[in-house]
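Worksheet for the structure shown next.
Chain naming here is simple, since letters A, B, ... match the order of the sequence lines and numbering starts at 1 in each.
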Number of protein chains: 2
Amino acid sequence: MKKQGEKIDIVSVSRLVGVSPATVSRAINHPDLVHPATRKKIDAAIRKTGYIRNRAAQTMHGRRSATIGLIVPTVDHAIFAEVVQAFSDAVSEEGFTVLLATHGYDLKTEYNVLRKLLEHRVDGVALIGLDHSADTYRLIEQQGVPALAIWSYAPDSPISSVGADNTEAGRVAAEHLVLLGHRRIGIVFPPTAENDRARARFEGATAAFAAVGIDVPVEWMGRSLYSIAQSKSVCLDLLRRSEPPSALLCGNDVIAQGAVSAAMTLGLNVPRDISIIGIGDFAGSADMMPALTTVRIPAGRIGSLAGRHLIDAIASPDSLNVVRTRLDVELMMRATTAPPKQR
Amino acid sequence: MKKQGEKIDIVSVSRLVGVSPATVSRAINHPDLVHPATRKKIDAAIRKTGYIRNRAAQTMHGRRSATIGLIVPTVDHAIFAEVVQAFSDAVSEEGFTVLLATHGYDLKTEYNVLRKLLEHRVDGVALIGLDHSADTYRLIEQQGVPALAIWSYAPDSPISSVGADNTEAGRVAAEHLVLLGHRRIGIVFPPTAENDRARARFEGATAAFAAVGIDVPVEWMGRSLYSIAQSKSVCLDLLRRSEPPSALLCGNDVIAQGAVSAAMTLGLNVPRDISIIGIGDFAGSADMMPALTTVRIPAGRIGSLAGRHLIDAIASPDSLNVVRTRLDVELMMRATTAPPKQR
DNA sequence: GAAATATATGAAAACATTTGCAAAACTATT
DNA sequence: AATAGTTTTGCAAATGTTTTCATATATTTC
């Protein structure tokens, strides 16, 4: 259906113009080094032949691959959607393309996809959070590839990071409930084993409760993955107990949405009968009914800042020092929290 | 911090083992062609040196790049999250890595990102839907790269496709409302100019209405991007009219969520006072309160099927025939639709 | 134990580009 | 018109790998 025969590479273009391949290369990569007239002829020939330069050859020569690796746990939920989009926009603007890989919250898989990205000689790599296997950290160090942790801030992170302080996010959520007067509080979180974001939030929250003498009994602690359906069923169990809590602090907005759904299913009025707070402020949280009170993590800003920082690191490979950027979280008081009912 | 000096390539590995580079290459790519003992020594050397093979060199040699381009309008919303994840999983399983690019619903940008992906010599490329610029189609044809349209099914698509019949989705939604007895119906859709999915749904719906003599007046036609907030404000306007419709057909679930939110804000009971139906069945639609009635587009199945089909097409470059795969849509009757109130 | 076959390895060309160096072609200065 | 300086171009080496072809070694068969 098409003439496969005519592969057009840089030398066929150069022949067409009557000039050396080197000049064509320069016309593309350093246009100011070639005579305007020649450049014009070359541009015309490129357009005419439909020549598309081969980045692989370029990469092989030792130049940049113009790709950046982005490794996220999943892209299936709202959680990372915004940060992935913002990051992708930021690096695309500088001519990079994103190599995307997901690991489904499995750190062993994460190591393997990192290897795969390195095979493609990505110019830099961004990971979510700071919980990674020792192998992963070793590989990054050993290959000397610019790396960046997105989403978490920690003053002692081993690699550069751009993110919010999740401990503070947990604390802010907890203090909001306390300030409203709640003392009988349940918390619903995802597994925290290989997830520093969730762990930090959990610790921030429980520390804040402990500081005012509130103790969360184990029967009010729910465990749910990032799924509305699962969270709903967990919260249903929790709220059906004879003495349910008056407020629920949820590890993120998805879990909180499940909690709201569970409460409404049981005929409870949110927030009159039960207060619910999330963390994250995902797209949609502001517009659900009732609007979700939550602690905002500025995903868009984190993503684009991360993209820019990583590109900076790539541009100046000499400065190998770790830079940590911390973005503020913000309490978004909306309609799912209120003072507890008098009883 | 690390010895940058020692770049480890295939020849340094081969030297360490005392064997030729060719043998190392074979040990990696065709292990059965090398003696077990040699292979073992090579594996050890690779592990010891931390050698990571260079796909760029491999690509340059004319082999596969082992990358697949995926171009979506956006990854920011729930809309494409599931399909992107499923697609990525499917192709990763076969050793490919995804080069992700977004164009923000702009077909000119789409053309440019396609070019960028071709520079990286992707082995195949997947696009969303069938509305693409003439330049885009020409480029695909001219470069002879296996291409696949995801998300739309059309019997006459110029390239292979895996998707649902969006016309039918629109029709199914419309007929559900008609069957319930609604005749005063509004519809809220995104711009349909460069979006064949939305256009087909719109046409399917209006055709179904016309077939039973229902005419949707222009003042009951809302236009909203895929944003809950925007949809809410559009629906608020629409529902505040003196004679509001008894049902709303929404272009997708995000818009429907905005509609539900608007209705509740106005103190209307969904579905008693107004029925609302979406299209898509995104994650979360089943669990919102009330649960959204919608027409299910099987995003996960579409994504993984698309991944597999594209890989098949890459594996057998000879068969250049177009194959079109059509997945069924399904009405998900949930809690946001009911017969109209007697009046 | 020789011949025939199968297995394992190496040498070298090929892939498409970039860039340091040198030569050539201009321009400016006297 | 000769010299010096600047701009533009070409040559050729280099990049890291794979694969074809040939050769060497091991295994089987008689």
Side-chain angles (χ1 to χ4, degrees), chain A residues 4-43 45-46 49-67 95 116 118-123 143, chain B residues 4-43 45-46 49-67 95 116 118-123 143:
Chain A
Q4 286 287 27
E6 35 163 318
K7 321 204 130 195
I8 23 76
D9 57 6
I10 203 172
V11 343
S12 53
V13 172
S14 71
R15 259 200 302 259
L16 188 65
V17 184
V19 87
S20 80
T23 304
V24 177
S25 172
R26 272 188 286 257
I28 295 170
N29 299 296
H30 315 283
D32 39 322
L33 287 187
V34 351
H35 194 91
T38 330
R39 207 190 319 161
K40 215 162 159 186
K41 278 191 289 183
I42 291 174
D43 285 353
I46 288 178
T49 54
Y51 168 68
I52 293 190
R53 76 173 176 293
N54 188 333
R55 291 274 193 185
Q58 203 167 245
T59 303
M60 233 207 52
H61 192 79
R63 285 184 120 240
R64 301 275 152 68
S65 69
T67 58
K116 236 171 47 166
L118 291 173
E119 289 184 356
H120 290 285
R121 295 297 186 268
V122 290
D123 296 326
Q143 297 293 317
Chain B
Q4 287 286 28
E6 36 162 317
K7 319 203 132 199
I8 24 79
D9 56 6
I10 204 172
V11 343
S12 52
V13 173
S14 72
R15 260 199 301 261
L16 188 65
V17 185
V19 86
S20 80
T23 305
V24 177
S25 172
R26 271 188 287 256
I28 296 170
N29 299 297
H30 315 283
D32 40 323
L33 288 186
V34 352
H35 194 90
T38 330
R39 206 193 315 160
K40 216 163 157 188
K41 280 191 288 183
I42 291 175
D43 285 352
I46 288 178
T49 54
Y51 168 68
I52 292 189
R53 75 173 177 291
N54 188 333
R55 290 274 194 187
Q58 205 168 243
T59 302
M60 234 208 52
H61 191 79
R63 284 183 122 239
R64 301 275 150 68
S65 69
T67 57
K116 237 172 48 165
L118 291 173
E119 290 184 355
H120 290 285
R121 295 297 186 268
V122 290
D123 296 326
Q143 297 293 315

Euclidean distance, atom CG of residue B:Asp9 to atom P of D:dA14 [Å, nearest integer]: 14 Å
Interatomic distance, A:Tyr51 OH vs C:dA16 P [rounded to whole Å]: 10 Å
Nearest to side-chain heavy atoms of B:His30, which nucleotide of C:dT19, D:dT19, C:dT18: D:dT19
A:Asn29/A:Gln58 under side-chain contact (heavy atoms from CB on, under 4.5 Å): CA gap, chis, key distance, verdict: CA-CA 11 Å; A:Asn29 299 296; A:Gln58 203 167 245; 3.6 Å; yes
Per A:Gln58 side chain, nearest of listed nucleotides D:dG10, C:dC15, C:dT17: C:dT17
Which residue lies more 5' along DNA chain D, comparing A:Pro36 with A:Ala22 via nearest heavy atoms: A:Pro36
Expected output: side-chain B:Arg39 to main-chain B:Pro31 donor-acceptor under 3.5 Å: yes
Main-chain N/O of A:Ala45 paired with A:Thr49 side-chain donor or acceptor, under 3.5 Å: yes
B:Asn54 vs D:dT15: side-chain N/O to OP1/OP2 distance below 4.0 Å: no
Nucleotide nearest A:Arg26 (side chain, heavy atoms from C-beta), chosen from D:dG10, C:dT9, D:dT19: D:dG10
Of the listed nucleotides D:dG10, D:dT19, C:dT18, the one nearest the side chain of A:Arg63: C:dT18
Selection from D:dT18, D:dT9, C:dA16 that lies nearest to any side-chain heavy atom of A:Val19: D:dT9
Which nucleotide in C:dA11, C:dA16, D:dT9 has an atom nearest any side-chain atom of A:Ala57: C:dA16
Donor-acceptor under 3.5 Å (B:Arg121 side chain, B:Leu118 main chain): yes
A:Thr59 side chain to A:Arg55 backbone, donor-acceptor under 3.5 Å: yes
A:Ile10 CD1 - C:dC15 C1' separation (whole Å): 14 Å
Check: A:Ile46 main-chain N/O paired with A:Asp43 side-chain donor or acceptor under 3.5 Å: no
Atom pair distance, as rounded to whole Å: NZ in A:Lys7 and C1' in C:dA16: 11 Å
Distance in angstrom units between B:Arg55 CZ and D:dT17 P, rounded: 12 Å
Integer-rounded Å distance: C:dA6 P and B:His35 NE2: 19 Å
A:His61 side chain near D:dA14 phosphate (N/O to OP1/OP2, under 4.0 Å): no
Whole-Å distance separating the CD1 atom of B:Ile52 from the P atom of D:dG16: 14 Å
B:Ser20 side-chain N/O to C:dA11 phosphate OP1/OP2 under 4.0 Å: no
B:Met60 vs B:Arg39, nearer the 5' end of DNA chain C by closest nucleotide: B:Arg39
Between D:dT17 (C1') and B:Ile46 (CD1): distance, integer Å: 13 Å
Touch class at under 4.0 angstrom, heavy-atom based, for B:Thr38 against every strand present: sugar-phosphate
Residue mapping more 5' on DNA chain C - nearest nucleotide basis, B:Leu33 or B:Gly62: B:Leu33
Sugar-phosphate only, base, or nothing, as touched by B:Arg53 at under 4.0 Å among non-hydrogen atoms: sugar-phosphate
